[in-house]
Amino acid sequence: MAPPPSFLILFATYFSHFISVSHGAYYLPGVTPHTYQQYDSVKLFVSKLTSTKTQIPYEYYSLPYCKPSVAGLQSENLGEVLSGDRIENSIYKLDVKVPKACEVACVKKFKRSEREAFVRAVDDDYRVHWMVDNLPVGMYHSGDKREGAFSRGFPVGFHTGFGRNAKHYLYNHIRIVIQYHDDKTDELFGPEEKASTKIVGFRVDPMSIKHAWEGNNFIEGQTVLSTCNAMTPPTNDPSNFFSLDGKVDSVVFSYDVFWEKSDVEWTQRWDIYLSANAPNEKVHWFSITNSFMIVLFLTVMIAMILLRALRKEIAQYNDPSTLEEAKEESGWKLVHGDVFRAPATNPMLFSVFVGTGVQLFCMCFATLSFALLGLLSPANRGSLITVFILLFVFMGSFAGYYSSLTYKMFRGIQWKQNTLTTAFLYPGIVFSILFVLNLVLWVEGSSGAIPFGAFFTLLFLWFCVSVPLVFLGSFFGYKRETTAFPVRTNQIPRAIPQQQWFMSTTIACLLGGILPFGAVSVELYSVMSALWLHQIYYIFGFLFLVMLVLILTCAEVSILLCYFQLCNEDYRWWWRSFLSSGACAGYMLLYAIWYNLTELEMNGIIPMFLYFGYMSIIAFTFFLLTGTIGYMSCFWFNRQIYGSIKVD
């Protein structure tokens, strides 16, 4: 039964306070500030190129940008590698509080193939990602429907017109704006104070300029540009944009550096990134309220239908004066000798699904708990993916334990095969899909393709950590005594009467899946936007509440449908309890199709293939997670009601 509404309101109030703190002056654990002194050198790193149209990331230097003599890949964690980050040095030189005016980065000679690569990147809306002091670059939009909005990265260029009339322009001049905050700290010795500088903001203003200079030849370090210099600031002049169309022999890449003093504290410097694309807080509260209303509705249904009806039926069944009359009644009481009969269809597969579902549930719950404590800061790039993988691997013992426990409850004897299937079925399916997707990314030359070293690491975690833990959990599961049922199972199965069409498994799945999906649908939009529109999702307080609502909804829907099924003398509830709540994964796939048609502008077959490949993994994971919640709830419910009746 769901907790009372007053408890839910109190719980929501607590998390709303937690969420408000996380958006304010909240220190992100695991990240320490770096202090600078004036004239200190500050490194600018380049990361990758991304596009919401193709969903295929590329290395920054896959385009012919200015490249230092030694690029040098920076050390990365597993999550960064899997997300396609390739952090390298850049040619841009920054010094604390030292402005620069129209510095020439380099002059690049263009080949036709290089110019066409830039044109394709502009057509596909690719964005450039840089980093300074662990802050991703961002920009304010101007001149479009997102006027004044802040977003991560900046575009490679822009185009006007369509089709043959399209004209492409390259952003070859970047105005770099570094925001800093000075903290006064006392000297250890002496009365003087020394200002320590912390970087609290990093944005750019990209420009397209067809540079000009005096003379025929350009000599780096000597030639002065006439289009912008210390006396002539650069401007976005439409009559002097740098066009990529026609014959282009070379391009001058240049940049400005501005140091802007800011009142923003170091602990608040991520606020602009976390709130840039976040929906209005009222939308999240609407989502939570909507979910709570669904839970309240189901709770009332269970209270009215189940508790009242069950209490009356159990009392009548246990009353000696009406015992003979009660035994002649139809309903859930007549199938007490068959309700715990092992499923006739694939009991081993059912056990494997349950074990894997418990493993996924523990992984999700632990990850959200870490996120609530602020341990998965966006400043720790790749930490969320890394924690997901490691927790899934280390939770393998739970999968082996509950899979073996369930299989032993069904009197299964092929325990080795059950353990091996638990260790290899779900990871094998996910790994196979990822291998195909990775092969596509590798053929495309994407930085999102998993390198050999990371691939070997994943295989090592699977075979050398996860599989042994599954076997260890299975060992303890098989050593434990078989789960005792409150009633005995008859040797001969009871005949099941013909069921009405609305009691079929298909109808149960359609009804059972829609309510849990409805409870999470609004928050799912924010999660999908973070995944496919390259946004940062950090409202884990709301997500934790939504997960609790999902658990309650799946449990109550499954119990309700199971009760109606048993009342119709159909004791085949094992698989149906799993499928009825797990069916919300089907609605998630339908939602993914709708989201792709309405929110994304993907071009080509490969982006579609990648999108639905990754969404199929997410949907299958969601199916196992919610299905296990439904089964566990029904199993507890059936043990309670059949343990309350007196049976000879």
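Since this is a predicted model, take the numbers as computed values, not measurements.
- Atom CZ of F365 is surrounded by 12 or fewer heavy atoms from other residues, nucleotides or ligands within 6.0 Å.
- Among S351, S404, S403, the single residue meeting the side-chain hydrogen bond (donor to acceptor under 3.5 Å, both in side chains) criterion with N418 is S403.
- The nearest pair of heavy atoms linking P486 to R639 is CG-O, 3.8 Å.
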request  = In sequence, state the C-alpha distance, the side-chain angles, and the governing distance for F424 and V470, and then conclude on side-chain contact (heavy atoms from CB on, under 4.5 Å).
outcome  = CA-CA 10 Å; F424 289 99; V470 171; over 6 Å; no
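- Of the possible polar contacts, one joining the Q565 side chain to the R572 backbone as a donor-acceptor pair under 3.5 Å is found.
- Ring to ring, F578 and F623 are close: their centroids are under 6.0 angstrom apart.
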ask   = Would F392 and F398 count as a ring-ring contact (aromatic ring centres under 6.0 Å, His included) if you check the C-alpha gap in whole Å, the side-chain angles of each, and the deciding distance to 0.1 Å?
value = CA-CA 10 Å; F392 175 80; F398 289 94; over 10 Å; no
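- Y478 places a side-chain heavy atom less than 4.5 Å from the side chain of S474.
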request  = Carefully, step by step, assess V358 and M632 under the rule side-chain contact (heavy atoms from CB on, under 4.5 Å).
outcome  = CA-CA 10 Å; V358 172; M632 289 290 191; 3.8 Å; yes
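- The two residues F394 and V465 come nearest to each other via the heavy atoms CE2-CG1, 3.7 Å.
- Heavy-atom minimum distance, G477 versus L405: O-CD1, 3.8 Å.
- A distance of 6.0 Å or more separates the ring centres of W415 and Y407.
- Other residues, nucleotides and ligands contribute more than 12 heavy atoms inside 6.0 Å of the CZ atom of F463.
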key: Stepwise side-chain contact (heavy atoms from CB on, under 4.5 Å) test for F370 and T367   = CA-CA 5 Å; F370 287 143; T367 303; 5.6 Å; no
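- Every residue two or more places apart in sequence or in another chain was checked for a side chain to side chain donor-acceptor pair (under 3.5 Å) with S446, and none qualifies.
- T406 has its side chain within reach of M409: a pair of non-hydrogen atoms, C-beta onward, lies under 4.5 Å apart.
- The structure places CE of M528 at 7.5 Å from CG of L531, a figure rounded to the nearest 0.5 Å.
- For the atom pair L552 CG and S633 OG, the distance stands at 9.0 Å (nearest 0.5 Å).
- T489 and R341 share no donor-acceptor pair across their side chains, judged by distance under 3.5 Å alone.
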query = Where do T356 and L425 land on the side-chain contact (heavy atoms from CB on, under 4.5 Å) test, with the steps shown first?
reply = CA-CA 9 Å; T356 307; L425 180 62; over 6 Å; no
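- Closest of all the heavy-atom pairs between P497 and N568 is CG-O, 3.8 Å.
- For the side-chain contact (heavy atoms from CB on, under 4.5 Å) with P516, the lone residue among I629, L550, V549, T626 that qualifies is L550.
- Taken to the nearest 0.5 Å, the CG atom of N438 stands 4.5 Å off from the CD1 atom of I450.
- Side-chain atoms of W462 come within 3.5 Å of backbone atoms of A423 as a donor-acceptor pair (strictly under, hydrogens ignored).
- Using a distance-only test at 3.5 Å, with no hydrogens or angles considered, no donor-acceptor pair links the side chain of T52 to the main chain of L533.
- F410 CZ: more than 12 foreign heavy atoms inside a 6.0 Å radius.
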Anything under 3.5 Å between a donor and an acceptor, one on a side chain of residues 601-618, the other on a protein residue two or more places apart or in another chain? List them.
from, atom 1, to, atom 2, distance (Å)
Y611, OH, A592, O, 2.7
S616, OG, F612, O, 3.2
S616, OG, G613, O, 2.5

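- Between Y426 and T621, the side chains place a donor N or O and an acceptor N or O closer than 3.5 Å (distance only, hydrogens not considered).
- Between F361 and M547, the closest side-chain pair of non-hydrogen atoms falls below 4.5 Å.
- Listed for the N490 side chain is no donor-acceptor partner under 3.5 Å among the backbone atoms of I492.
- Taking the ring centroids of Y525 and Y595, they lie under the 6.0 Å cut-off.
- Rounding to the nearest 0.5 angstrom, the gap separating the CD1 atom in I385 from the CG atom in L376 is 11.5 Å.
- To the nearest 0.5 Å, the span separating OG1 on T505 from CG on L510 amounts to 11.0 Å.
- Nearest heavy-atom pair across P57 and T50 is CB-CG2, 4.4 Å.
- For Y587, there are no side chain to side chain donor-acceptor pair (under 3.5 Å) partners two or more places apart in sequence or in a different chain.
- Partner of F350 under the ring pair (Phe, Tyr, Trp, His ring centres under 6.0 Å) criterion, chosen from W573, Y402, W575: W575.
- Atom CG of L78 is separated from atom CD1 of I389 by 4.5 Å, given to the nearest 0.5 angstrom.
- Using a distance-only test at 3.5 Å, with no hydrogens or angles considered, no donor-acceptor pair links the side chain of R494 to the main chain of H336.
- Taking 4.5 Å as the limit, some side-chain heavy atom of L543 sits within range of a side-chain heavy atom of V527.
- Aromatic pair F431/F455: centroids less than 6.0 angstrom apart.
- Other residues, nucleotides and ligands place no more than 12 heavy atoms under 6.0 Å from the CD1 atom of I514.
- When all heavy atoms of M395 and Q359 are compared, the closest pair comes out as O-CG, 3.4 Å.
- Using cut-offs of 30° and 60° on the angle between ring planes, the pair F485 and F635 is perpendicular.
- Although no hydrogens or angles enter the test, the distance criterion places no donor-acceptor pair under 3.5 Å between the side chain of S580 and the main chain of S558.
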